[in-house]
Amino acid sequence: MESEEAKRANLKTAKQAFQKLKTEWSKRPPNLEVCGQLLTELKVLLLELQFLPTNADASEEELLLARSCLEIGAQWSIAQREIASFERYMKQLKCYYLDYKRKLPESAQMYPLLGLNLLFLLSQNRVAEFHIELELLPIDKILNNAFIKHPVSLEQYIMEGSYNKVHTAAHIVPDPSYAIFMESLIETIRNELARCLEKAYPKISVKGAMSILNLPNEQVLAQYSKTRNWQYHDGYYMFSGDVDEMAVDEEMPYVNVAKKMLQYAREMEMII
């Protein structure tokens, strides 16, 4: 069994490594490569010390050190756009945030990161998991905390079909780190709408496609159409069939149809 003296020495080494990480991360901009190396070093030290929440012998000092390392790791993952890494860090952090909330003082990074995780799930269309995570949070935080309210409001906008509000919210985020998942969320919504259009109609005009998919110009639409294998002909994008099929009339309520289809699909997913 590890002696107290050896444990203190290892803890001192871990604290020194964390101070290096904290100093490097506080630089603007931080050196992400150096931060990544320090995080890797700290992972090894944390495993050797075994001061994880599952370790009954772990002190508050050890748990706080581990939590702080994981928080920087989650933020570093976002800065690096390493989404899988962010998800791994959040899975570990939730234990400190939720299971040990009575043993540890609340972290200033807790709700910014939990809100970011909710936005991540929403951007991945993982609605069931989104609601499971939401149920773990106090109702007052859901209603009043800016970091939690933001993804909750977005989910409500999506269910209502108020996609213009989602696009507006993309420019009003509670923290710059939220931008990466806002981009992903908008792309997810765009793909859902495109899928609904493909099911509902044989083709759509350029003007109609730009409007419903909220794309800025014909060039961007042309690039997007290639990802969906749409065929362009005489001012229309073809989803299926030949060019003589009926086009989508600009006066037809295709926007409402697509919105309702998307809403029904999400409701069914929640039920299942």
Side-chain angles (χ1 to χ4, degrees), residues 25 28-30 32-33 35-36 71-91 93 109 111-131 133-134 145-198 209-230 237 255 258-259 261-263 265-266 269:
W25 182 250
R28 290 294 173 264
L32 296 179
E33 183 178 353
C35 289
E71 287 177 334
I72 292 179
Q75 295 171 77
W76 172 85
S77 299
I78 293 299
Q80 287 284 74
R81 290 182 172 262
E82 294 189 6
I83 308 307
S85 174
F86 169 77
E87 189 171 11
R88 287 194 297 271
Y89 277 114
M90 286 308 304
K91 284 180 179 178
L93 271 172
Q109 296 301 319
Y111 286 106
L113 285 173
L114 288 177
L116 191 58
N117 188 56
L118 286 171
L119 183 55
F120 159 68
L121 293 173
L122 196 60
S123 72
Q124 297 291 307
N125 204 16
R126 291 157 61 175
V127 181
E129 292 176 62
F130 174 91
H131 284 279
E133 294 295 325
L134 205 57
N145 186 280
F147 298 101
I148 304 301
K149 281 178 63 178
H150 185 262
V152 170
S153 296
L154 287 170
E155 199 261 349
Q156 291 175 344
Y157 298 155
I158 293 170
M159 293 301 296
E160 295 168 1
S162 302
Y163 303 118
N164 59 319
K165 293 183 180 179
V166 176
H167 285 277
T168 300
H171 305 288
I172 312 172
V173 292
D175 187 87
S177 61
Y178 281 50
I180 181 175
F181 293 133
M182 284 304 306
E183 295 171 8
S184 180
L185 176 61
I186 288 173
E187 190 64 22
T188 296
I189 292 172
R190 181 172 291 126
N191 290 336
E192 288 285 351
L193 289 171
R195 183 179 61 82
C196 290
L197 285 174
E198 292 166 353
M210 286 174 54
S211 175
I212 194 169
L213 299 177
N214 198 33
L215 293 172
N217 54 57
E218 294 183 23
Q219 289 73 28
V220 175
L221 174 60
Q223 293 175 353
Y224 181 77
S225 69
K226 292 178 181 178
T227 68
R228 309 289 305 185
N229 295 318
W230 293 351
Y237 280 102
V255 174
K259 288 178 180 179
M261 289 178 69
L262 179 55
Q263 182 175 345
R266 290 187 180 280
E269 181 181 6

Within the 6.0 Å centroid threshold, strictly below: Phe86 and Phe181
yes

Quick check for you: to the nearest 0.5 Å, what is the distance between [X] atom [atom1] and [Y] atom [atom2]?
{"X": "Met182", "Y": "Leu122", "atom1": "CE", "atom2": "CG", "result": "8.5 Å"}
{"X": "Asn117", "Y": "Glu87", "atom1": "CG", "atom2": "CD", "result": "7.5 Å"}
{"X": "Phe120", "Y": "Glu129", "atom1": "CZ", "atom2": "CD", "result": "8.0 Å"}
{"X": "Leu121", "Y": "Leu185", "atom1": "CG", "atom2": "CG", "result": "11.5 Å"}
{"X": "Tyr157", "Y": "Asn164", "atom1": "OH", "atom2": "CG", "result": "9.5 Å"}

Heavy-atom side-chain contact between [X] and [Y] under 4.5 Å:
{"X": "Arg88", "Y": "Ser85", "answer": "yes"}
{"X": "Glu133", "Y": "Arg126", "answer": "no"}
{"X": "His150", "Y": "Leu118", "answer": "no"}
{"X": "Asn125", "Y": "Glu192", "answer": "yes"}
{"X": "Leu193", "Y": "Ile189", "answer": "yes"}
{"X": "Ile180", "Y": "Ile83", "answer": "yes"}
{"X": "Gln75", "Y": "Gln109", "answer": "yes"}
{"X": "Leu116", "Y": "Phe147", "answer": "no"}

Between Ile148 and Leu134, is a side-chain contact (heavy atoms from CB on, under 4.5 Å) present by the stated rule, with each step listed?
CA-CA 9 Å; Ile148 304 301; Leu134 205 57; 4.2 Å; yes

Please check: side-chain N/O of Asn191 versus main-chain N/O of Glu187, any donor-acceptor pairing under 3.5 Å?
yes

Could you tell me whether the side chain of Tyr178 and the main chain of Ile172 form a donor-acceptor pair under 3.5 Å?
no

Which atom pair, heavy atoms only, marks the closest approach of [X] to [Y]?
{"X": "Arg190", "Y": "Tyr224", "value": "O-OH, 3.5 Å"}
{"X": "Met210", "Y": "Asn217", "value": "CE-CA, 3.6 Å"}
{"X": "Gln80", "Y": "Leu32", "value": "OE1-CD1, 3.2 Å"}
{"X": "Ser123", "Y": "Thr188", "value": "O-OG1, 2.6 Å"}
{"X": "Ile78", "Y": "Ser177", "value": "CG2-O, 3.8 Å"}
{"X": "Leu213", "Y": "Trp230", "value": "CD1-CH2, 3.8 Å"}

Could you tell me whether Arg195 and Glu198 have a side-chain N and a carboxylate O separated by less than 4.0 Å?
no

Look at atom CD of Glu218 and say whether more than 12 heavy atoms of other residues, nucleotides or ligands are closer to it than 6.0 Å.
no

For Tyr89, which residues count as a ring pair (Phe, Tyr, Trp, His ring centres under 6.0 Å) partner, sequence neighbours excluded?
none

Steps toward side-chain contact (heavy atoms from CB on, under 4.5 Å) verdict (Leu119, Val173):
CA-CA 11 Å; Leu119 183 55; Val173 292; 6.0 Å; no

Is there a side-chain contact (heavy atoms from CB on, under 4.5 Å) between Leu154 and Lys165 once you walk through the steps?
CA-CA 8 Å; Leu154 287 170; Lys165 293 183 180 179; over 6 Å; no

